[in-house]
Amino acid sequence: MSKTADIRLPDPSRWKALAFIALAQLMVVLDATIVNIALPHAQTALGISDANKQWVITAYALAFGGLLLFGGRIADLWGRKRTFVVGLIGFALASALGGAAQNQGMLFGSRALQGVFGALLAPAALSLLAVMFTDARERAKAFGIYGAIAGGGGAVGLILGGFLTQVLNWRWTFFVNIPFAVVAALGAYFVIREPAGSRNRSSLDIPGVVLSALGLVSLVYGFTRAESAGWSDALTIGMFIASGVLLLAFVVTESRVASPLLPLRVLLDRNRGGVYLSLGLAVIAMFGLFLFLTYYLQVVRGYSPIRTGFAFLPMIAGMITGSTQIGARLMTRVPARKLMGPGFLTAAVGMLLLTQLEIGSSYTTLILPAQLLLGLGMGTAFMPAMSLATHGVEPRDSGVASAMVNTSQQVGGAIGTALLNTIAASAATAYATSHAALGATDPELLKLQSMVHGFTGAIWWAVGILVVASAIAVTFINAGRPSATAVSGASASGDADGVEDEFKVPVVAH
């Protein structure tokens, strides 16, 4: 068959479809932070105790993180468009339940349901892009937009959450998801045309579903519990042990069953493996930063919720610029590792600036340039990472490959919040104890100094994590730049230096 015959004509509605996919992704990503700002108000309104307030965040994280692989497989089985629309409708209904919550049980339950439907929605969205955009340059632009949203949506959530909570009330941080979901679902239903022949109709791997869900739930809960109960807590340790055993059993099962939930060929490819690992590490650093900067600006500097949200705008601008103007433009010219490695290092330099935080640090001369560097670096790295994570997989595996991207981010977020917050709390306690012994006379000032000292101590760890992410990207990822046009199948022709393989976008034939 000729090369021309192998090329599938691009879907004429693909760019319209991208708009609705991006809208849905924005809703899912901003939901991770929008509720954080509203949490104190919801806690007061519903009488939630301090001990139980973590479940507003944890219920979502457990359901979302634990079911992502299952959601990716369902997308491959049912069809990505159908899974995408079902996920949107379910997310809207769960959000309505959360906004109407009359007690803590309703709120916790709604958050868990949001996580369930988010686990269907997120991998379906990314895999739709993977099968709809087959031209390398167009794929770069599409994933540039998607990467900017994936990276900057959390900061958008802080702005929107602050505005809704301060101007209206906390319930609108849930209700706001409904118009997002309705518009995206209607648009997807009428616009998206999923390529034919791209489903995986193999039987569902039930043991794999159970083992992966329980293993990931145990892992996420272990890190979440460590934040409040400590790393030496018996249940925390038990969760980590259980997670290790369950995930090991999952890997063994997947290597033996005829139709695995997660084919090991998806996971063991060195390029995709490098993306999953480096991206997960980078998200650890990013989630810690959101947490520390939010507390620094609101508690130490006394910013309002709205002002705090707008203070994150430079990071959003940097991410959009890095993703759409740097990553997307260079992706077809240079290998992915030459974008991801320097991108993570640039973010590390921005993080390094924040190790100089003090109580009276200037926003203009310290925080703003640090955020710009972080945004530029992360946006530049996220764009090729999102594209490469689903590159080269068989169309029938694109859903589960997409789910692995979201899984690495979700687990990374849980680890980042727990690990860096624990480091910060320990450093703050040690600082307060030592300075109290030296005769510090102003307890309120000492409290703020200890808090900032804890933040900077944890940020040093975040710098190191980003450097490791950069090293992994450069070491593991060896795919060359994509060819300018898509061809059928994946080529393995060597490039000029004889080391890197030139990767080409796989095409799904009608």
**Prompt:** Around atom CZ of F240, are there more than 12 heavy atoms of other residues, nucleotides or ligands at under 6.0 Å?
**Reply:** yes
**Item:** F180 atom CZ, neighbour heavy-atom count above 12 within 6.0 Å
**Value:** yes
**Request:** Output all residues satisfying side-chain contact (heavy atoms from CB on, under 4.5 Å) with P314, sequence neighbours left out; order by chain, then residue number.
**Result:** Y363, L368, Q371, L372
**Message:** Ring centres under 6.0 Å, that's the criterion: do Y60 and F64 meet it?
**Reply:** yes
**Prompt:** Are the ring centres of F117 and F91 closer than 6.0 Å?
**Reply:** no
**Message:** L352 vs L373, test: side-chain contact (heavy atoms from CB on, under 4.5 Å). Steps then yes/no.
**Reply:** CA-CA 10 Å; L352 186 64; L373 286 171; over 6 Å; no
Report the distance from atom [atom1] of [X] to atom [atom2] of [Y], rounding to the nearest 0.5 Å.
{"X": "M286", "Y": "L281", "atom1": "CE", "atom2": "CG", "value": "14.0 Å"}
{"X": "I326", "Y": "T380", "atom1": "CD1", "atom2": "OG1", "value": "4.0 Å"}
{"X": "L353", "Y": "M351", "atom1": "CG", "atom2": "CE", "value": "10.5 Å"}
{"X": "L248", "Y": "L211", "atom1": "CG", "atom2": "CG", "value": "10.0 Å"}
{"X": "F310", "Y": "I316", "atom1": "CZ", "atom2": "CD1", "value": "9.5 Å"}
{"X": "Y276", "Y": "I472", "atom1": "OH", "atom2": "CD1", "value": "15.0 Å"}

Residue pair [X] / [Y]: nearest heavy atoms and the distance that separates them:
{"X": "A427", "Y": "G454", "answer": "CB-CA, 3.9 Å"}
{"X": "E254", "Y": "G208", "answer": "OE2-CA, 3.6 Å"}
{"X": "N271", "Y": "N478", "answer": "OD1-N, 2.8 Å"}
{"X": "F84", "Y": "A125", "answer": "CE1-CB, 3.7 Å"}
{"X": "A94", "Y": "L113", "answer": "CB-CB, 3.7 Å"}
{"X": "F344", "Y": "A282", "answer": "CE2-CB, 3.4 Å"}

Considering only heavy atoms from C-beta outward, does the side chain of [X] approach that of [Y] to under 4.5 Å?
{"X": "V217", "Y": "L67", "answer": "no"}
{"X": "I367", "Y": "Y296", "answer": "yes"}
{"X": "V116", "Y": "L120", "answer": "no"}
{"X": "P207", "Y": "V257", "answer": "no"}
{"X": "L279", "Y": "F382", "answer": "yes"}

Flag, side chain of [X] to backbone of [Y], donor-acceptor distance under 3.5 Å:
{"X": "S470", "Y": "L466", "value": "no"}
{"X": "S243", "Y": "M239", "value": "no"}
{"X": "R73", "Y": "L68", "value": "no"}
{"X": "S255", "Y": "V252", "value": "yes"}
{"X": "T83", "Y": "R80", "value": "no"}

**Message:** Set out, in order, the CA-CA distance, both residues' side-chain angles and the distance that settles side-chain contact (heavy atoms from CB on, under 4.5 Å) for F174 and S110, then state yes or no.
**Reply:** CA-CA 10 Å; F174 287 89; S110 72; 4.3 Å; yes
**Message:** For I237 and I241: C-alpha separation, side-chain torsions, deciding distance, then whether side-chain contact (heavy atoms from CB on, under 4.5 Å) applies.
**Reply:** CA-CA 6 Å; I237 295 172; I241 294 174; 3.9 Å; yes
**Request:** Say whether T456 and Q356, considering side chains only, have a donor N or O and an acceptor N or O under 3.5 Å apart.
**Result:** no
**Residue among W460, W461, F455 satisfying ring pair (Phe, Tyr, Trp, His ring centres under 6.0 Å) with F292** = F455
**Message:** Checking M27 against L88 for the side-chain contact (heavy atoms from CB on, under 4.5 Å) test, could you report, in this order, the C-alpha distance in whole Å, the side-chain angles of both residues, the deciding distance, and whether it holds?
**Reply:** CA-CA 10 Å; M27 179 189 70; L88 282 166; 3.8 Å; yes
**Item:** Partners meeting side-chain hydrogen bond (donor to acceptor under 3.5 Å, both in side chains) with T253 (sequence neighbours left out)
**Value:** none
